[in-house]
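Hydrogens, waters and symmetry mates are skipped; everything else that's a heavy atom, side chains included, is used. Letters A, B, ... are given to chains in the order of the sequence lines, protein chains preceding strands, and every chain is numbered from 1. Note that the coordinates shown come from a computational prediction; the quantities given were computed from them, not determined experimentally.
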Amino acid sequence: MRFIHTSDWQLGKPFGRMPPEVRAALQEARLDAIDTIAALARREDAPVVLVAGDVFDNSEPGDRIFRQAMGRMKGAGDVRWYLLPGNHDPARADGLWGRLTGESPENVTACLTPDPLELTEGVWLLPAPLQHKRALGDATAWFASAQTPTGSRRIGLAHGSITSFSASAEASNLIAPDRASTAGLSYLALGDWHGRREVDAFTHYSGTPEPDDFGRQETGVALVVSLGALGDPPQITSHKAGRYHWELGDWNLSTAEDLNTRLKELAPGVVRNNLVARLKLSGLLTLAERVQVRERLETELANEIRWLDLQMGDLYARPTDNDLADIDANGVLRDAADRLRSLASEGGPTARQASAALERLYIEQQKSQRVAEE
Amino acid sequence: MRIRELTIENFRKFRQLTVLSGFDDGLNLVCEPNEMGKSTVLDAMRAVLFERYSAKSDRIRSFRPYGDEVAPTISLTFEINGERWTVKKRFLQNPSVLLEGPAGRVESDAAEEKLQSLLGFARAGNRGSDDESRGTLGLLWVEQGAWSLAVPGNTARKTLEDVLAGEIGAVTGGRRTTAVLQSTDKQLSELLTATGKPTRRLLEANNLYEAASTASSQAREELQQFENTVSRLESKRQELRRLGQDINDPGTSRQLDELEKDLLRAQAAAQELATAELRATQATAKRGALESRQGLRGRLNSSIGAVQTRLAAVRERVNSQDEMLSEARAAEQKAAVVLDGLRDKLRRAETYRDAALAAQAVDAREALLRAAFARLDQASPLASELERHADAVKSNTVTVPALRKLEDLETAVEQGRATAEAGAATLRIDIANSVKDARLNGAAISGSVEKSVTDTLTFELPGFASISIKPPATGESAQSGLRAAEQDRNNALARFGVPTIAEARARARERAAAEQAVATLTSQLSAICVADIGLAISPGFAPLQDALSRKTRPDGADRAINTDGSADGLSEDEFQDLRGQERAAEAGRQAALAALQAAEVAKVQLASDLARELNEETRLREDLAAETGDLDDETLSSNVAEAKQSESRLVVDLNAAQRAAEGLNESELKRKKDGLERRQRKLQDDRVEILQEIARLEVEAKTKGGAGPAMRAQAADEELEFEQANFERLRDDAATLQLLKKVLVEAQEDAARRYLAPITARIQPYVKRLLPTADLSLGEDYRPRLLTRSGREESAEDLSKGTQEQLAVLTRLAFADLLLEKGKPASLVLDDALVFADDDRFETMTGILAEAATRMQVIILSCRTSAYRGTDAKKISIA
């Protein structure tokens, strides 16, 4: 018995903090993940896909997302899809899932009640759907007493945090870490963590197939699970499924040269168009260097990759005499530059502004000089 | 530059060729009265230098003298940089320009351009030259009334700045500053207006931010609505479940069953109550009927008693009437026998008499007369007797019919009394023989007396007691009937003037006797007073009396009447007596007959009374028989007792039934049952309503859910953050640019202050001479800005017109000095420049100008010849 374990599709995630064109691309990529997984299922001869919760980003993603998702799953008619409501899309009586049961294609099963389902002969699925955003009890508690024919294989499907992982006592949707062994499971497919994670040989988080945020560890994969002999741990292989790579860079620059090194090391092997990056720059540069760094990132990198979130608040400029001389040796511009430098060194909110104004003066002066030289 | 000569022709006032020549290097005074064309001189100087020769503008046309289509022509000769130049311009008709200099002549546009570069001014615009285009000369050549603290035009400023730049030396980057400032301004204008309000990009970002904010609240609102719909749906589902439980609650149907049973019991009890009521009523009715029968019987019996009493009375009267009748009948038969005998006797006598009469005819008359007198004699006492009896009849009204009537009334009284007595008590008194003088109602009584108490009875035993018995009030109607009958009877008695009925009967008998006597006497009289044919006397006493009153009674005795010997012959007297007897007998018989008839009538009346009473008795007895026929009195009594018993039993039953019904209030039970059923129906209705509501909400949830409210809300929130960040970034940008601009402008102003220092330095001595305590500071636009007098600042614009004018002239003088020092000498032309100056100021100003004239050419156009009289100036006249 081979099947695919995936979770946290989060279809319909709006990405509203990004520019409109980026939003559309990222949203579409989440839907495309379904096609990728369908292809993986065929390729790996694993015609059953278990989605461990958070299929949708929220309880009401709207008809377009819903129909797109159903359409794509229906398109993969040789694959059977088992969807589990998670904390983002809990199984409310009159919400999304209520409609889904009525309108979903034949090869899609919404696991809305904690009842065993036979996947194939001798293999039973025990789903633990979430009815609310935050459930206090362990939704998998019933697994231990679930009635399945003797000798059959039991696969758990659940969404939530493993108790021991959570630092907070108030965390909800908690799952006992030893559920797989106490409930006699051959495999426990978990969702909620967006990174792929192994709890024990029988218990795994697949992570989201399409990365959706910065700072996740291994993410953007789907798991192909092969059940071994009864009692043996399953064989798990991880397969890339995502398109976009989310890179979080925390760069401390001491010279403009450092940037070159950093840029060379940025997400090696990732197609630039599929790269989404957040760069937090810090350090202390000359005014000329800071301007140079900004120009390099804003005009070059930002246009090369899908989206760049550039945070330069912690990259400070210390205007040198050379910087000021670049502006003017003397005269009005130099006078203004001196005044701004003096303001910037005073501290306070004006200082930041003065610093920005000085940088602006530097840029404008260079621009006008370029125009003059041309 | 120095002006040397000016010629004007066909220019405004100057139609003829006018030449102004002999201008010195120093102070020149063109001093002419008003209207001589001083100002026109300045206009002409400007026209020849600054206006394009080919221009056709309104200003150029205004150069023509009024009403003439001529070509204004001006020529100016001047020296600059030691070279002499002459420019000649002809406007409008065949316009031309000619510039002659040391290098030769140039014409048309080339001449204009050469002139511009030579004197440092710009090409005039389409409307003609202005302060902008005229450059320094424009600044220094100022026409009348235009002296002001105006800002120098750009061209003039440029010249000044060029000059000043050299003066302060190290002014570099001025152009770059402008470029940076312009770029900053341009960028800033994309964000903020001149007054610092958001515009264009910043405004757009702000609008987007606000729109996102609105969209976010709207999306939240929609999400909330959707959530409301869903939670409402859920609560409706729960309500439906609860309702289902309520509807199917077994307690309710059990309650309904019990109520149904109670209701049936209550109905039965009500039925029983109704039946008991009916039975009790029937029993009461039955008892009442029986009791009323008893009452009826009592009344019938007493009626019968009364009838019998009356019958006895009637029978008694019948017996006495029978005696009277037989007596009357005997009397009548006797009278008839007497009459028959007499009549027989009379017939025989008459026959005899007739025969005798015939024989006695002769003597007859006397005899007749005698007879007549005899008759009269006989009749007279009879007549008076008759009269007496007739009076008696007349005075006695009790006729037989009247008596009959009275008796009828008496009968009615008797009947009334009988009726009254029937309901009255009966007083029976047995008086012992030893008692004397016992009286009842004053009448002495003895033995046994029985009397109905119909009126107050007073039984007296003198010296012993007086007992009064009053009749009961019950027999009132009978009593009143009796009294009425008595009244009627008494009235009738009074009418006939008799006290009692017995008296009436006596009077009736008297009257009958009197009538009989009248009849007898009448017939006797008639018998006596027969008609006497012989004497022609009509029958009757009166005729007889009358007839005889006139006759004389004859003497002698009656001769015997020869009766012809008839054995039966009777004397006349006998005859007449016989006739009288016959007549009397006749009357007696009539009377007897009448009495008989009266007796018979009375008998018939009594018989009828008797029959009536008998009938009454029979009827009463029949009624009684009918009444008692099916039920004798004894049985009736026992039946009444039985009925009473039965009635009281049934009343007990009725009370029991009432108590039973009270415990089971049918309407209350029905109300309870109806209430329960209504509630069930209401629950069913509610269920239907809730089902409808659920269906509606399901559709609503589907529709609203289909729009993806949660995703939209989240997206809207995130977009709001995005737009906010964007707006804030631009706002920071604007602040940065503002700061940059501010700093740049401050730096520039400081620089400008440094630039202006030379000009200020040159003006200051002049100002000190005019206003010893004052300092003048110029604005960066070279305009006098502030006058500081004794530490007090005054805006230059607030100064008096005269002071403003003087400061303007001094400023120009300083400019001219500056230009002179930089090797660009210019002539200063002032047209009536000091019109507002008082005498002291004027003197100071002319002194200053005279001093300046030692360094440069100064041309003053003025109408105040006398004012400049003491001035050492070259006088130029307009010839």
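For a residue to count as touching a neighbouring chain, one of its non-hydrogen atoms must lie under 4.5 Å from one of that chain's; by this rule B:Leu181 does not touch chain A. Interface remark: B:Glu700 contributes no atoms to any contact with chain A (heavy atom separation under 4.5 Å). Interface residue A:Ile327: only backbone heavy atoms are found under 4.5 Å from chain B. Residue contact with chain B, scored on non-hydrogen atoms closer than 4.5 Å, involves the side chain of A:Ile65 exclusively. Using a 4.5 Å cut-off between heavy atoms, B:Gln714 touches chain A through backbone and side chain atoms alike.
Across A:Arg92, A:Glu364, A:Met18, A:Arg339, the residue that shares the most heavy-atom pairs under 4.5 angstrom with chain B is A:Arg339. Considering only heavy-atom pairs separated by less than 4.5 Å from chain A, the leading option among B:Glu698, B:Glu234, B:Arg712, B:Arg237 is B:Arg237. Taking B:Ala707, B:Ala716, B:Ala735 one by one and counting their heavy-atom pairs under 4.5 Å with chain A, the maximum is reached by B:Ala735. Heavy-atom pairs under 4.5 Å with chain B peak, among A:Gly12, A:Ser368, A:Ala337, A:Pro20, at A:Gly12. Counting heavy-atom pairs under 4.5 Å between each of B:Lys741, B:Gln724, B:Glu721 and chain A puts B:Glu721 at the top.
Taking 4.5 Å as the limit, some side-chain heavy atom of A:Arg23 sits within range of a side-chain heavy atom of B:Phe722. In this structure the side chain of A:Leu361 reaches within 4.5 angstrom of the side chain of B:Leu744, judged on heavy atoms.
In summary, B:Glu723 and A:Arg17 do not engage in a salt bridge, as defined by a charged side-chain N under 4.0 Å from a carboxylate O. A salt bridge between B:Asp733 and A:Arg360 is present, with a side-chain N of the basic residue lying under 4.0 Å from a carboxylate O of the acidic one. For the pair B:Glu718 and A:Lys13, the salt-bridge criterion is not met [side-chain N within less than 4.0 Å of a carboxylate O].
A:Gln353 and B:Gln738 share no donor-acceptor pair across their side chains, judged by distance under 3.5 Å alone.
Closest non-hydrogen pair, B:Ala747 versus A:Ala336, comes out as CB-N, 3.9 Å. Residues A:Ala356 and B:Thr736 share a closest heavy-atom pair of C-CG2, 3.5 Å.
Heavy-atom contacts from other residues, nucleotides or ligands closer than 6.0 Å to CZ of A:Arg352 number 12 or fewer. By the neighbour-count criterion of 12 heavy atoms within 6.0 Å, atom NZ of A:Lys74 is sparsely surrounded, having that number or fewer from other residues, nucleotides or ligands. In the displayed structure, B:Arg687 atom CZ is contacted under 6.0 Å by at most 12 heavy atoms of other residues, nucleotides or ligands. More than 12 non-hydrogen atoms from other residues, nucleotides or ligands lie less than 6.0 angstrom from NZ of A:Lys367. The neighbour count for A:Arg296 CZ, taken as heavy atoms of other residues, nucleotides or ligands under 6.0 Å away, is above 12.
Of the possible donor and acceptor atoms, none in the side chain of A:Glu60 sits under 3.5 Å from a partner among the backbone N and O of B:Gly708.
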CA sep, side-chain torsions, deciding dist, call: B:Lys702, A:Glu103, salt bridge (charged side-chain N to carboxylate O under 4.0 Å, His left out): CA-CA 12 Å; B:Lys702 190 171 186 315; A:Glu103 296 176 24; 3.2 Å; yes
side-chain contact (heavy atoms from CB on, under 4.5 Å) evaluation trace for A:Asp335 with B:Val743: CA-CA 9 Å; A:Asp335 183 20; B:Val743 169; over 6 Å; no
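Interatomic distance, B:Leu739 CG to A:Leu343 CG, rounded to the nearest 0.5 Å: 6.0 Å.
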